[in-house]
2 protein chains.
Amino acid sequence: MTRHDSHYEEGTRAEREGPERASVSKAVEDYLKAIYKLQRAGQVVTTSAIAERLAVAPPSVTNMIKRLARMNLVRHTPYRGVELTPAGEKMALEIIRHHRLLERYLAEALGVPIDQIHDEAERLEHVLSEELEERMDALLGYPATDPHGDPIPTKEGVVATREYQSLLNLTPCQRAVIRRVSDEDPDVLRNLARLGLLPEATIHVLRLEAEEGQIVVEVGDTEHLLPLALASAVYVEPCTA
Amino acid sequence: MTRHDSHYEEGTRAEREGPERASVSKAVEDYLKAIYKLQRAGQVVTTSAIAERLAVAPPSVTNMIKRLARMNLVRHTPYRGVELTPAGEKMALEIIRHHRLLERYLAEALGVPIDQIHDEAERLEHVLSEELEERMDALLGYPATDPHGDPIPTKEGVVATREYQSLLNLTPCQRAVIRRVSDEDPDVLRNLARLGLLPEATIHVLRLEAEEGQIVVEVGDTEHLLPLALASAVYVEPCTA
DNA sequence: CGGATAATTTAGATGGCTCTAATTTTCTGT
DNA sequence: ACAGAAAATTAGAGCCATCTAAATTATCCG
């Protein structure tokens with residue numbers, strides 16, 4: 001009866017919270033990741049925030065929250081919001097690690113354009129084995145960040161968080177190294193890539209255009225007028241020289 | 001209301017049989033693949049054969065068959081068995097293409113041992129985008145077979161089927177090139193790999209041991225006594241010299 | 001050819017994840 | 001401090017994919 005081995009992998013096993021290996025559905029992983037990111041962005045994580053992030057109706061969230069609470073991945077105070085337990089946070093970080101490692105791999109090994117890697121990784125992250133994770137990690141030389149500049153959590157769940165300042169804060173004549181670009185909007189990302197405005201690039205602020213925070217920057221040998229939408233997606237570390 | 005975009009992707013859309021793009025659940029893909037393989041292995045595809053292959057109870061199969069029939073992926077004659085429609089076969093071949101391309105990629109680009117590639121590919125095949133498929137294909141130089149020697153269907157759904165004879169049919173002193181190894185049993189595969197008995201290897205049959213079809217073969221410079229379990233998993237093309 | 005056996009299907013249930021509509025609770029502004 | 005608005009939850013439903021138990025249909029053999 002090999003039949004009974006494979007069908008109850010999704011969730012049921014995790015409920016008796018064995019320390020074994022938590023096989024969990026894609027939906028659960030998506031919720032954990034969303035909660036983690038909202039939590040990290042400050043304040044309490046509300047039902048509606050999760051709903052919006054996952055493009056799901058609020059009652060679906062309430063429903064899932066209850067399941068997550070039963071699995072001890074989340075602590076829920078009704079009407080008050082939700083908080084990851086250590087177990088939940090660990091799981092969230094594993095998924096984020098998968099995601100960011102995949103992004104790096106897709107960009108580096110397969111040459112996938114940076115504005116597409118997010119969506120690809122989004123689908124792959126749920127089926128990446130530890131074995132493959134390890135192989136990709138080694139092949140890439142154990143990278144610390146993904147192509148957007150976001151830190152890749154370690155296998156132990158440690159995230160090297162660093163805050164960078166917005167490109168918008170720079171003043172004319174300053175030089176800076178791009179450290180992170182927002183991965184929110186693929187369009188923005190595609191345009192940044194076209195202009196060479198990606199992490200590790202050095203830029204030189206030439207001047208500010210009066211209206212609406214537009215900035216003229218020099219990258220390599222060419223100068224570009226950056227609209228607000230682009231400039232606000234770029235985070236930099238000013239050169240101290 | 002971006003909310004309504006993403007939730008009805010699994011199956012529901014395919015039911016109104018648009019010629020657009022069939023987003024289909026993992027389960028549907030698994031059934032199609034199973035039916036394809038059983039169909040190809042000859043005879044009528046029965047409910048119980050599918051059930052056994054997928055390690056699922058027969059009523060689950062009946063249930064899914066009805067859904068597949070509604071989607072026009074399968075023709076079902078109650079109590080008589082099932083047959084893929086052209087649309088169903090095309091879809092099955094796409095998945096098999098994904099699977100075999102992934103196997104090749106995992107082996108070649110990531111160095112995953114041959115006895116593990118099947119299970120990895122099994123999970124990845126359902127989330128591989130056309131974009132990534134194309135990139136992997138190009139990177140590998142458009143390979144014709146997977147590491148077990150099974151043909152990779154083209155994007156158009158053409159499979160270059162070739163029949164090879166079993167190693168067991170060879171007679172002493174014959175030389176042959178291994179063309180295919182069965183991917184059924186990972187253990188067998190691991191042992192074959194350990195002995196260098198993989199596709200493209202040239203072997204030399206030294207003699208047959210009396211009992212139970214054991215065979216002594218030379219691979220490279222060393223000779224091995226192959227138990228039946230191993231020998232029967234190897235398919236060869238005899239050298240015509 | 002007809003009854004026993006095997007295969008298939010129907011019936012009915014469950015769990016996961018989603019939805020809308022209705023209700024309850026919390027927040028907020030005057 | 002309270003009424004109206006906003007947020008969260010409950011209620012009730014549906015689809016997918018699975019299960020077990022029971023009924024039906026096909027097959028096979030004496």
Side-chain angles (χ1 to χ4, degrees), chain A residues 1-16 22-32 34-35 38 43-71 73-74 76-83 126, chain B residues 1-16 22-32 34-35 38 43-71 73-74 76-83 126:
Chain A
M1 304 280 143
T2 57
R3 178 176 303 163
H4 298 88
D5 296 343
S6 52
H7 304 122
Y8 294 97
E9 280 177 13
E10 301 213 325
T12 320
R13 179 180 298 167
E15 280 170 25
R16 40 171 230 269
S23 193
V24 137
S25 75
K26 168 178 149 37
V28 167
E29 294 187 351
D30 285 340
Y31 276 89
L32 290 177
I35 294 168
L38 290 167
Q43 9 254 5
V44 182
V45 179
T46 69
T47 298
S48 45
I50 300 171
E52 188 183 345
R53 197 167 220 286
L54 296 178
V56 133
S60 307
V61 176
T62 302
N63 180 52
M64 177 59 95
I65 282 176
K66 286 184 178 171
R67 201 168 322 136
L68 295 176
R70 259 189 278 125
M71 297 187 222
L73 296 172
V74 125
H76 183 215
T77 321
Y79 292 97
R80 283 3 268 274
V82 88
E83 201 184 2
H126 304 294
Chain B
M1 305 280 142
T2 58
R3 179 177 301 162
H4 297 89
D5 295 343
S6 52
H7 305 122
Y8 292 98
E9 281 178 12
E10 302 214 324
T12 319
R13 178 181 300 169
E15 280 169 26
R16 41 170 229 268
S23 194
V24 138
S25 75
K26 168 177 147 40
V28 166
E29 294 188 350
D30 284 339
Y31 275 88
L32 290 177
I35 294 169
L38 290 167
Q43 9 256 3
V44 182
V45 179
T46 70
T47 299
S48 46
I50 300 170
E52 189 185 343
R53 196 165 220 288
L54 296 178
V56 133
S60 307
V61 176
T62 302
N63 180 51
M64 177 59 94
I65 283 176
K66 285 184 179 171
R67 201 168 324 137
L68 295 176
R70 258 188 280 125
M71 296 187 221
L73 296 173
V74 125
H76 183 215
T77 323
Y79 292 98
R80 282 5 269 266
V82 89
E83 202 184 1
H126 303 295

[X] [atom1] to [N] [atom2], straight-line distance once rounded to whole Å:
X        : N       : atom1 : atom2 : result
Leu54(B) : dC19(D) : CG    : C1'   : 15 Å
Leu68(A) : dT9(D)  : CG    : P     : 13 Å
Tyr31(B) : dC16(D) : OH    : C1'   : 11 Å
Asn63(B) : dC15(D) : CG    : P     : 13 Å
Met71(B) : dC15(D) : CE    : P     : 13 Å
Ile50(B) : dA17(D) : CD1   : P     : 15 Å
Lys66(A) : dG15(C) : NZ    : C1'   : 16 Å
Asp30(B) : dA17(D) : CG    : P     : 10 Å

Residue pairs, two or more places apart or on separate chains, that pass side-chain hydrogen bond (donor to acceptor under 3.5 Å, both in side chains) and touch residues 49-66 of chain A: none
Below 4.0 Å: OP1/OP2 of [N] and any side-chain N or O of [X]:
X        : N       : result
Ser60(B) : dT18(D) : no
His76(B) : dT8(C)  : no
Arg80(B) : dT27(D) : yes
Lys26(A) : dG16(C) : no

Identify all pairs in which a protein N or O lies below 3.5 Å from an N or O of nucleotides 5-7 of chain C, and state each distance.
none

Should [X] and [Y] count as side-chain neighbours, where that means a heavy-atom distance under 4.5 Å?
X        : Y        : answer
Ile50(A) : Met64(A) : no
Leu68(B) : Ile35(B) : yes
Met71(B) : Val28(B) : yes

Any idea which of [options] is nearest the [X] side chain?
X        : options                   : value
Val56(B) : dA11(D), dT18(C), dC19(D) : dC19(D)
Thr62(B) : dT10(D), dC19(D), dT8(C)  : dT8(C)
Met64(A) : dT18(C), dT20(D), dC19(C) : dT18(C)

Please answer whether the main-chain N or O of Arg80(A) pairs with a side-chain N or O of Thr77(A) as donor and acceptor at a distance below 3.5 Å. no
Only residue of Val56(B), Ile65(B), Leu73(B) satisfying side chain to side chain contact (heavy atoms under 4.5 Å, CB included) with Tyr31(B) is Val56(B)
Going through the distances and angles, do Val44(A) and Val82(A) end up as a side chain to side chain contact (heavy atoms under 4.5 Å, CB included)? CA-CA 7 Å; Val44(A) 182; Val82(A) 88; over 6 Å; no
